[in-house]
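First the structure, in the form of structure tokens, and then the observations on it.
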Amino acid sequence: MIAYVYRLATLLTCLFLLTSCWSSKELNEIAIATAIGIDKSDEGYLLTVQIINPGEIASDSPTNRTATTTYRSSGETLFEAFRRLTVQAPRKVYFSHVQIVVFGEEAAKSGIVQPLDFLSRDHEMRTDFLLVIAKDTLADQLLNILTPMDKISSNKIVSSFYMSEQNWAPTHTVKLDELMYKLSTDGNEAVLTGIFIKGNPELGKDSRSLEKTEPPTTVQINHIGVFKNDKLVGWFNEDESKGFNYFTDNVTSTIVNVPCSNSSTGIEVIRTITSLKASLENNTPHIDANVRVDGNVGDVECDIDITNPQTIRKFEAMVEKDIQSKMESAVSASQDKFNSDILGFGALIHREHPDQWRMLKNHWNEEFKNVEVDYTIHATIQRTGNITDSVQRKDGE
């Protein structure tokens with residue numbers, strides 16, 4: 001009898017646990033979303049969703065239709081706008097493959113915490129998508145621009161972001177986890193990189209523009225947007241954006257042009273390591289920034305002897321001066337122009353001096369402007385390329 005009851009209990013437990021794929025959906029029942037645009041509207045939110053046309057991606061005989069379709073809806077809340085999509089989209093919209101969320105600039109200026117609540121709460125959304133700002137335009141308009149190198153424009157934008165961050169430096173990819181952490185941490189403000197439309201937006205929607213070798217409209221990555229609390233308050237220029245990334249140890253590779261006799265020499269930065277240390281001197285917060293930079297000579301456009309060790313040392317000093325200048329400009333803009341601690345000075349003091357942070361925390365806005373920074377930058381040029389002398393120098397001999 002006991003054995004019978006045991007087997008029956010095991011069977012019932014399996015019935016409850018092994019529920020099979022009760023929530024599964026077939027591929028022909030869903031529409032896969034790759035990008036989301038969020039703008040403000042009179043009603044509340046204007047939601048734009050970019051959806052893949054699978055027939056244009058997988059078919060061996062593509063038609064003239066575009067590879068993606070955008071649907072838009074509005075609602076008092078973002079959740080309502082998402083559900084209202086069902087009256088337009090022919091299938092259930094599937095959001096687990098979203099690669100990028102674009103905030104319109106006006107939406108970013110009015111605050112992003114409320115939309116982020118829905119994005120992080122919804123069980124269908126993953127957290128590995130990028131968040132960006134449509135600079136000087138609407139997210140709705142930007143997601144309608146067709147791109148020549150990739151049929152799915154969100155793929156192009158995401159690829160460009162990673163390539164730019166790895167090779168140029170004035171951009172910074174931000175995912176949901178990082179953004180939520182910055183918005184919820186004292187002494188650390190958020191940033192998002194901007195993208196903008198170059199050219200006529202109306203021409204960019206026409207697939208015939210892709211037939212030209214030089215498309216009339218393109219989507220390009222811009223500089224870093226600065227937030228105060230959850231609101232966009234302004235933009236860094238290119239040098240300030242690079243300075244921010246040097247400060248936050250986010251530079252993988254970039255180029256530093258240093259002047260030489262009659263032109264410039266391009267130094268390829270191949271590695272940087274930044275370490276920050278906080279201290280309080282006479283109750284004034286102080287930051288020591290140490291940066292180690294490795295680079296190679298990549299382009300010599302002047303008549304100079306790069307086999308001379310003194311020349312290399314001179315280049316290294318110029319690289320150090322250039323990087324310090326960019327970091328100083330980032331600090332200056334953060335303190336004086338935006339009064340926004342995007343460099344995380346407050347969070348650093350909190351970690352290293354928690355007792356002092358408790359005294360500074362309540363008036364950090366005023367204290368942040370007075371933070372002093374000392375720079376120690378050491379650059380090393382390791383290689384000079386495949387040739388030892390410049391072509392100009394050989395021609396002049």
* Considering residues at least two apart in sequence or located in another chain, which fulfil the side chain to side chain contact (heavy atoms under 4.5 Å, CB included) criterion with T254? -> W168, A169, K242, Y246, V251, V269
* Asked: Who passes ring pair (Phe, Tyr, Trp, His ring centres under 6.0 Å) against F103, sequence neighbours left out?
  -> none
* To do: For R313 and E316, run salt bridge (Lys or Arg N to Asp or Glu O under 4.0 Å): C-alpha distance rounded to whole Å, both residues' side-chain angles, the deciding distance at 0.1 Å, then the answer.
  => CA-CA 5 Å; R313 180 56 205 145; E316 291 171 342; 3.0 Å; yes
* Is the backbone of D140 close enough, under 3.5 Å, to the side chain of D39 for a donor and an acceptor to pair up by distance? -> yes
* **Residue Q114 excluded, over 12 heavy atoms near CD under 6.0 Å** => no
* Measure up the Y375 and F247 rings against each other and bin them: parallel (under 30°), tilted (30 to 60°), perpendicular (over 60°). => perpendicular
* To do: Answer yes if the side chains of Q356 and H350 hold a donor-acceptor pair under 3.5 Å, and no otherwise.
  => no
* To do: Output yes when a side-chain donor or acceptor of Q324 lies under 3.5 Å from a complementary backbone atom of I377, and no otherwise.
  => no
* **T171 and S164 side chains, donor-acceptor separation under 3.5 Å** => yes
* To do: Look only at the side chain of S241 and the backbone of N237, and say whether a donor-acceptor pair between them is shorter than 3.5 Å.
  => yes
* salt bridge (Lys or Arg N to Asp or Glu O under 4.0 Å) evaluation trace for R208 with D206 -> CA-CA 5 Å; R208 289 175 296 183; D206 192 340; 2.7 Å; yes
* Asked: Within 45° of the six-membered ring axis of Y45 and under 6.0 Å from that ring's centre, is NZ or CZ of K40 located there?
  -> yes
* Report the residues that fulfil salt bridge (charged side-chain N to carboxylate O under 4.0 Å, His left out) with D294, sequence neighbours left out, ordered by chain and then residue number. => R271
* Go through the steps to decide whether F315 and I306 satisfy the test side chain to side chain contact (heavy atoms under 4.5 Å, CB included), and finish with yes or no. => CA-CA 9 Å; F315 284 166; I306 63 170; 4.1 Å; yes
